[in-house]
Amino acid sequence: MTERRTRLELTGMSCANCAGTIDEALAGLDGVAESDVNFATDEGTVTYDPEATSLAEIYAAVEDAGYGVVRESLTIPITDMSCANCAETNETALERQPGVIEAEVNFATDEASVTYNPAATGRSALYDAIEDAGYTPVRDDEEGGDGDGDSSQARQDAARQAEIDRQKRLVLFGGALSLPLVAMMAVELLSPGALPDTVFGIEMGWLAFLLATPVQIVLGREFYENSYTALVRNRTANMDVLIALGSSTAYVYSVAVLLGLIASEGLYFDSAALILTFITLGNYLEARSKGQAGEAIRQLLEMQADTATLVDADGNEREVPVEEIDVGDRMKVRPGEKIPTDGTVVDGSSAVDESMVTGESVPVEKSEGEEVVGSTVNQNGVLVVEATKVGSETAIQQIVSMVKDAQSRQPEIQNVADRISAYFVPAVIVNALFWAGVWYTAPDVLASIVGAIPLLGLVAGGPMVAGGTVSVFEFSVVVFASAVLIACPCALGLATPAATMVGTSIGAQNGVLFKGGDVLERVRDVDTVVFDKTGTLTTGEMQLTDVAVVGGGAVADGGTAPEGGRLEPEVDESVVLAAAASAERGSEHPLAEAIVAGARERDLEPAEPEAFENVPGQGVRATTDRGEVLVGNRRLLESNDVDPAPATETMERLESEGKTAMLVAVDGDLVGVVATADTVKESAKAAVSALHERDLRVHMITGDNERTAEAVAEQVGIRPENVRAEVLPEDKADAIEAIQADGERAMMVGDGVNDAPALAAAFVGCAIGSGTDVAIEAADVTLMRSDPQDVLKAIRVSEGTLAKIKQNLFWALGYNTAMIPLASLGLLQPVLAAGAMALSSVSVLANSLAFRSYTPSEDYRLFGRFR
């Protein structure tokens with residue numbers, strides 16, 4: 001057993017018992033030989049067998065026990081991966097490093113996403129692991145940097161552009177030397193014997209050798225080096241192995257013929273050179289396409305302001321770089337300028353174009369007290385904005401971070417391609433050897449079979465069928481070279497991540513953020529959508545609508561009631577409202593704020609309560625200058641021995657109108673009812689209707705009473721049997737699980753704060769209307785706008801992306817399914833096989849890039865967009 005010992009930096013411990021709890025949690029893991037947690041230093045050491053348990057499981061055990069462990073994340077661009085097998089090799093190399101919790105390498109984005117324990121490993125070790133595997137990481141300039149900001153993106157862009165330029169130079173070099181070989185081949189095919197025996201005193205065979213050899217050295221070098229690294233160092237086989245085998249087979253065979261070691265007249269120098277040139281051309285086009293697929297992120301980053309105009313307390317202005325802005329700084333933003341960073345308007349009013357964040361084309365009116373998002377454009381008025389979030393905390397940076405994370409987490413469908421790719425290259429080599437051997441041992445039988453097949457017999461002419469103008473051995477070599485070159489694991493490796501990269505970018509451009517490619521896949525499978533009411537289907541902006549007096553009692557005006565006496569003055573609406581507002585002044589609940597605001601609008605200034613208690617799911621209890629006041633639902637009054645029956649008729653009338661009615665009691669007497677109303681969003685009914693058209697079940701969950709809930713449900717078109725009312729916040733998760741108990745896959749749509757447990761319990765959690773706060777841990781999907789119709793956008797982007805993935809997999813698998821047999825039957829020249837191989841991966845990328853024009857205002861179908 002090879003044991004590892006790692007050090008953990010722990011958080012959240014408050015006493016020695018906490019250390020014991022963590023020790024106990026770690027001891028329960030298989031493979032943990034020893035653990036020692038020190039409360040005084042907030043550290044722990046664990047000795048474990050990595051074959052029996054992983055560092056990720058150790059972290060999970062500590063966190064499940066209720067404590068934290070310090071971890072860091074790093075994104076490492078890698079410049080020279082050639083296929084999905086390369087990504088897997090890098091992933092394995094990183095995961096072998098002590099201290100690495102999790103590693104994912106994405107071939108489409110050329111990036112590694114690593115989560116690691118900084119107490120056990122450093123960034124240099126991660127870079128070295130990639131280099132030891134034979135690949136080139138783009139190193140961060142500073143060991144302590146975050147590795148994710150603008151500088152990291154700039155380095156990655158520079159590395160990618162350098163790779164594009166390098167591939168372009170190689171293509172031009174290979175093309176310049178290959179064109180004469182192509183011309184020679186064309187003349188020989190069209191007019192056999194027309195070529196002279198010598199040119200400038202050099203035999204044609206040696207001239208072809210002189211032209212092909214530099215191509216082998218310059219273009220072929222990286223394929224041969226990568227093949228050696230893959231086979232010898234990493235003990236795996238990748239696409240470079242196939243290319244090296246195919247090209248070297250043609251070249252070495254031709255050299256052997258030229259030197260007289262093999263009795264044949266067939267030279268394949270032109271094939272050897274063109275194979276490498278075609279593959280390099282494919283790599284160049286692939287690198288360009290990858291750059292275009294990631295264009296959305298670069299466009300978002302380029303939209304950021306470079307400078308800001310700071311305003312000091314004296315009104316003096318000075319221009320500074322955005323990087324120097326601190327939280328609390330005040331910035332003047334003139335018409336046409338970008339808002340430098342997230343903040344709150346403290347002076348002025350204007351319309352702001354937020355389309356680059358939310359996808360909403362209509363400018364949003366902003367005035368004092370409202371939030372603005374950095375990088376959005378001020379339209380027509382001067383604003384003074386106080387910075388609330390800067391640097392990596394801004395919405396634009398969080399969006400970029402979420403999109404990158406989403407692109408690194410691939411859908412489950414990718415596992416299919418990964419399983420195929422893992423065995424693909426060895427299977428291709430075995431297949432090529434098998435058919436080369438069959439052609440060598442039984443050429444006449446196979447030639448007659450191939451010639452007898454309709455259409456194939458037309459293709460199988462000239463040198464491509466044994467028994468023609470070539471020897472059996474020569475033809476077997478041609479079959480082997482063609483069979484290894486025609487196979488392309490690249491297309492399979494790119495099929496899913498390329499489409500996921502474009503799909504998540506489309507979502508971000510339309511205000512829909514997916515936490516991962518796996519989430520993108522799950523959204524399509526949702527069959528039930530569960531909306532929270534307040535703030536989701538309604539605006540969440542409560543307003544006081546009714547104040548009703550119940551009974552003929554009275555309350556003390558400025559004091560408490562004398563024992564055994566009635567209270568003066570007589571109760572009227574102003575007295576009920578003043579008592580309720582004074583009690584609710586200690587609460588931050590939207591209902592409380594509506595009551596307090598309504599009292600002030602009626603020239604009643606609520607007094608501060610002397611004591612205040614919030615009763616979850618029921619209301620509030622407070623000691624005020626008017627006595628002991630209760631404001632809440634029936635359960636609150638009943639639990640305090642107050643009979644709510646006299647207000648039953650009033651409550652039912654208000655609730656049937658879709659209002660939230662609250663009982664008011666003072667010193668044990670029921671005195672009245674106050675009601676607030678929340679306006680249903682204009683788009684809510686259209687969203688519910690569209691979901692019903694897709695045969696999705698729609699539910700609503702609310703803490704409101706049943707009559708109010710049903711009134712709102714009726715307005716938006718949700719069936720009464722799908723309404724769950726009077727659900728406490730902590731019970732919403734149970735309600736979601738009950739809905740899913742029958743096998744339904746539910747998307748819970750809520751505000752991401754009180755609804756966090758329900759969002760986590762749902763098949764897909766969707767936080768709506770998050771504004772600048774896009775980093776919501778509980779949500780799988782974040783909608784930047786408060787529009788329930790954006791749920792449709794999320795579903796459409798998911799369906800469109802999965803359709804594009806299926807298209808890509810169809811072409812990738814279909815290509816290999818069709819081409820490998822053709823090459824094995826001797827129906828393709830090696831040059832044509834190499835060209836087809838290069839074209840396959842480029843076509844998958846091109847198909848994914850075509851998806852960029854899709855807008856989720858309509859459904860996407862597999863073979864086009866239509867209703």
Side-chain angles (χ1 to χ4, degrees), residues 402 406 507 511-516 518-540 617 678 680-681 683-684 687-692 694-704 709 712-713 716-719 721-771 773-799:
M402 286 187 73
V512 180
L513 305 178
F514 297 91
K515 184 171 282 187
D518 51 337
V519 173
L520 191 65
E521 182 179 35
R522 288 208 309 273
V523 169
R524 179 204 58 165
D525 296 328
V526 163
D527 52 33
T528 302
V529 178
V530 183
F531 286 103
D532 178 55
K533 179 178 78 69
T534 304
T536 304
L537 292 175
T538 64
T539 61
D678 187 6
V680 173
K681 292 178 181 177
S683 60
V688 172
S689 176
L691 291 170
H692 280 151
R694 303 176 71 90
D695 294 326
L696 296 176
R697 291 175 287 277
V698 182
H699 293 246
M700 186 178 78
I701 292 181
T702 179
D704 226 329
V712 172
V716 300
I718 296 177
R719 299 180 181 93
E721 63 270 21
N722 290 341
V723 177
R724 292 172 182 251
E726 301 182 24
V727 180
L728 298 176
E730 60 268 26
D731 294 334
K732 287 184 178 179
D734 294 335
I736 291 295
E737 290 175 354
I739 290 172
Q740 296 183 141
D742 294 332
E744 294 185 28
R745 296 181 292 271
M747 174 191 282
M748 170 65 190
V749 186
D751 61 15
V753 183
N754 293 332
D755 299 321
L759 293 174
F763 182 68
V764 175
C766 181
I768 188 170
S770 303
D773 187 16
V774 298
I776 298 177
E777 292 300 324
D780 299 308
V781 181
T782 301
L783 307 181
M784 293 295 293
R785 298 191 304 160
S786 298
D787 189 348
Q789 288 198 101
D790 283 357
V791 173
L792 272 297
K793 285 186 179 179
I795 294 173
R796 286 167 177 158
V797 171
S798 173
E799 289 183 339

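The model shown is predicted, which means the values in this text are computed figures rather than measured ones.
Put simply, the residue from V716, D787, T539 that forms a side-chain contact (heavy atoms from CB on, under 4.5 Å) with K681 is T539.
Residues that satisfy the side chain to side chain donor-acceptor pair (under 3.5 Å) test with E744, not counting sequence neighbours, are T528, R697. Take R719 and apply the salt bridge (Lys or Arg N to Asp or Glu O under 4.0 Å) test, not counting sequence neighbours, and it matches no residue. Under the rule for a side chain to side chain contact (heavy atoms under 4.5 Å, CB included), the partners of A713 that lie at least two apart in sequence or sit in another chain are M700, I718, V723. For E726, the salt bridge (Lys or Arg N to Asp or Glu O under 4.0 Å) criterion is met by no residue, not counting sequence neighbours. Applying the side chain to side chain contact (heavy atoms under 4.5 Å, CB included) criterion to A761, with sequence neighbours excluded, gives A733, I736, E737. When the salt bridge (Lys or Arg N to Asp or Glu O under 4.0 Å) test is applied to D678, no partner is found at least two apart in sequence or on another chain.
Atom SG of C766 is separated from atom CE of M748 by 10.0 Å, given to the nearest 0.5 angstrom. For the atom pair F514 CZ and L520 CG, the distance stands at 5.0 Å (nearest 0.5 Å). The CD1 atom of I768 sits 11.0 Å away from the CG atom of L759 when rounded to the nearest 0.5 Å. Rounding to the nearest 0.5 angstrom, the gap separating the CG atom in D790 from the CE atom in M784 is 11.0 Å. From Q740, atom CD reaches atom CZ of F763 across 8.5 Å, with rounding to the nearest 0.5 Å. Distance check, rounded to the nearest 0.5 Å: OG1 of T538 to NZ of K533 gives 5.0 Å.
Residues V530 and A746 approach most closely at CG2-CB, 4.2 Å, considering heavy atoms. Residues A684 and P788 come closest through the heavy atom pair CA-CG, 3.8 Å. Taking both residues in full, the closest heavy atoms of I795 and L696 are given as CD1-CD1, 3.9 Å, listed atom of the first, atom of the second, then distance. The two residues A794 and V781 make their nearest non-hydrogen contact at CB-CG1, 4.4 Å. Contact detail for D532 and G750: the closest heavy-atom pair is CB-CA, 4.1 Å. Between S683 and Q789 the shortest heavy-atom distance is CB-NE2, 3.4 Å.
Looking at D525 and R745, no side-chain N of the basic residue comes within less than 4.0 Å of a carboxylate O on the acidic one, giving no salt bridge.
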- Could you check F531 against V712 for side chain to side chain contact (heavy atoms under 4.5 Å, CB included), going step by step and ending with a plain yes or no? CA-CA 12 Å; F531 286 103; V712 172; over 6 Å; no

- Task: Under the side chain to side chain contact (heavy atoms under 4.5 Å, CB included) rule, what do V791 and L783 come out as? Steps first, then yes or no, please.
- Result: CA-CA 8 Å; V791 173; L783 307 181; 3.9 Å; yes

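Contact annotation: the side chain of R694 approaches that of L792 to within less than 4.5 Å [non-hydrogen atoms, C-beta and beyond].
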